[in-house]
Amino acid sequence: MDGGVGRRGPVRRWQLVRAGRDAVPASTRRFMARARQRRMRAVLPWAVMAGVLALAGLVTWGLVGTGLFGVREVRVEGAELVTSVEVRDVAGVPDGTPLARVDLAATAGRIGTLPAVERVDVTRDWPDALVVRVTERTGVAVVPQEGQFVMVDAAGVAFRWLSAPPDGLPVIRVASPGPEDPETRAALVVLAALTPQLRAELVDVTVEGLARITLQLHGARRVVWGDATRGADKARVATALLGREAATIDVSAPDVVTLR
């Protein structure tokens with residue numbers, strides 16, 4: 001028997017044949033194309049979102065989870081009374097700490113505990129630096145304490161110890177200098193009221209009580225000031241009487257002045 005021929009005729013061999021474009025009606029092709037476009041439009045936003053989230057996660061991991069953007073430098077600006085080393089030590093930010101994880105407010109708070117520092121601003125300088133801008137206190141007077149002199153600012157904060165009073169700063173004598181001390185505040189109020197002529201003659205402001213404030217002047221003269229009220233009136237009257245030959249000028253009641 002011939003292998004290619006059976007009892008009922010030749011054996012048919014099947015094979016797949018790719019249909020041409022003409023085999024599918026044009027309307028069907030258009031419908032299928034629109035369906036694909038709809039699927040692509042539906043999927044595209046999700047794909048974009050997934051890509052964005054993946055990129056954001058990668059960036060966040062690089063910023064926060066690695067030392068790639070770690071602190072390599074703490075740059076200090078405006079510091080004169082304190083050293084850059086002191087500021088860096090108090091800041092307490094270890095090298096390599098991810099810059100994005102540094103708590104700027106907490107860092108500024110730690111630096112602000114330095115007595116000479118009045119204000120602090122801490123910012124990031126990418127990729128690897130912290131910038132610390134320091135505003136230091138300005139001394140307005142010195143107070144004798146334990147054989148030395150402590151400098152105070154306009155708020156009465158004691159922030160610097162000196163072996164001798166610097167030129168140009170008046171001396172105030174109070175028992176316990178500080179921003180909460182009433183006598184310190186009273187002395188600073190009196191200083192702020194003085195005229196340039198009184199300041200030029202001033203040796204010190206002595207506060208023995210809130211109503212017992214005295215100005216010691218050059219030439220063993222003194223001005224009895226009384227309390228810290230009516231400072232402008234007292235300063236005006238005392239300045240006008242500086243030319244008198246009195247050793248004591250009492251302006252504690254500026255409307256009734258006494259010379260002795």
Side-chain angles (χ1 to χ4, degrees), residues 78-82 112 114-120 134-260:
E80 295 182 3
L81 301 179
V82 295
L114 292 171
V117 174
E118 183 175 11
R119 293 191 307 276
V120 187
V134 173
T135 301
E136 295 179 327
R137 300 185 186 277
T138 300
V140 299
V142 291
V143 183
Q145 290 280 292
E146 302 176 359
Q148 293 184 296
F149 294 84
V150 61
M151 187 179 293
V152 297
D153 68 359
V157 177
F159 65 93
R160 188 183 183 191
W161 289 85
L162 303 167
S163 59
D167 294 337
L169 281 188
V171 175
I172 60 176
R173 297 184 182 276
V174 295
S176 303
E180 305 302 324
D181 177 50
E183 293 187 354
T184 301
R185 294 199 300 267
L188 294 174
V189 169
V190 171
L191 277 180
L194 297 184
T195 62
Q197 295 90 332
L198 281 174
R199 276 186 170 269
E201 294 294 324
L202 184 66
V203 174
D204 64 48
V205 177
T206 301
V207 183
E208 297 176 318
L210 293 181
R212 298 172 61 196
I213 303 172
T214 304
L215 310 185
Q216 303 296 330
L217 306 182
H218 292 296
R221 304 177 73 192
R222 67 178 188 148
V223 176
V224 178
W225 200 268
D227 60 22
T229 62
R230 299 188 65 184
D233 293 335
K234 293 175 181 179
R236 175 178 51 79
V237 173
T239 300
L241 296 174
L242 284 177
R244 300 291 185 92
E245 292 297 330
T248 300
I249 303 171
D250 188 338
V251 295
S252 56
D255 297 326
V256 184
V257 179
T258 302
L259 301 177
R260 295 192 294 273

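When a residue number appears, it is its place in the shown sequence, counting from 1.
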- Could you pull out the closest heavy-atom pair between Ile213 and Ala186, with the gap in Å? CD1-CB, 4.0 Å
- Message: Within the 4.5 Å heavy-atom criterion, are Leu198 and Leu242 side-chain neighbours or not?
- Response: yes
- Message: Measuring only between side-chain heavy atoms, which start at C-beta, is Arg260 closer than 4.5 Å to Arg222?
- Response: yes
- Closest non-hydrogen contact found for Ala193 with Ala235 is O-CB, 3.3 Å
- Note on the structure: Here the gap from Thr206 atom OG1 to Glu183 atom CD, rounded to the nearest 0.5 Å, amounts to 11.0 Å
- Message: Does any part of the side chain of Glu201, heavy atoms only, come nearer than 4.5 Å to the side chain of Val223, both counted from C-beta?
- Response: no
- Message: So, taking the atom named CD in Glu208 and the one named OG1 in Thr214, what distance separates them when rounded to the nearest 0.5 Å?
- Response: 6.0 Å
- Query: With a cut-off of 6.0 Å (strictly less than), are more than 12 heavy atoms of other residues, nucleotides or ligands near CZ of Arg244?
  - Reply: no
- Among residues two or more places apart or on two chains, list those pairs meeting side-chain hydrogen bond (donor to acceptor under 3.5 Å, both in side chains) that have a residue in residues 144-162. Arg137-Asp153
- If every non-hydrogen atom of Pro254 is compared with every non-hydrogen atom of Val237, which pair is closest and at what distance? O-CG2, 4.0 Å
- Message: Just so I know, are the side chains of Leu215 and Val190 near enough to count as touching, which here means a heavy-atom distance under 4.5 Å?
- Response: yes
- Note on the structure: Nearest heavy-atom approach of Ile172 to Pro144 is O-CD, 3.3 Å
- Message: With side chain to side chain contact (heavy atoms under 4.5 Å, CB included) as the test, pick out the partner of Pro165 among Val142, Val143, Asp204.
- Response: Val142
- Query: Would a 4.5 Å heavy-atom cut-off, applied to side chains only, mark Ile249 and Leu259 as touching?
  - Reply: yes
- Query: Are Val205 and Pro170 side-chain neighbours, meaning at least one heavy-atom pair lies under 4.5 Å?
  - Reply: no
- Closest non-hydrogen atom pair, Ala116 against Leu81: CB-CB, 4.0 Å
- Non-hydrogen side-chain atoms of Asp227 and Lys234 separated by less than 4.5 Å: yes
- Do the non-hydrogen side-chain atoms of Phe159 and Val82 ever get within less than 4.5 Å of each other? no
- Heavy-atom nearest pair, Arg230 first then Asp255, reads NH1-OD2, 3.1 Å
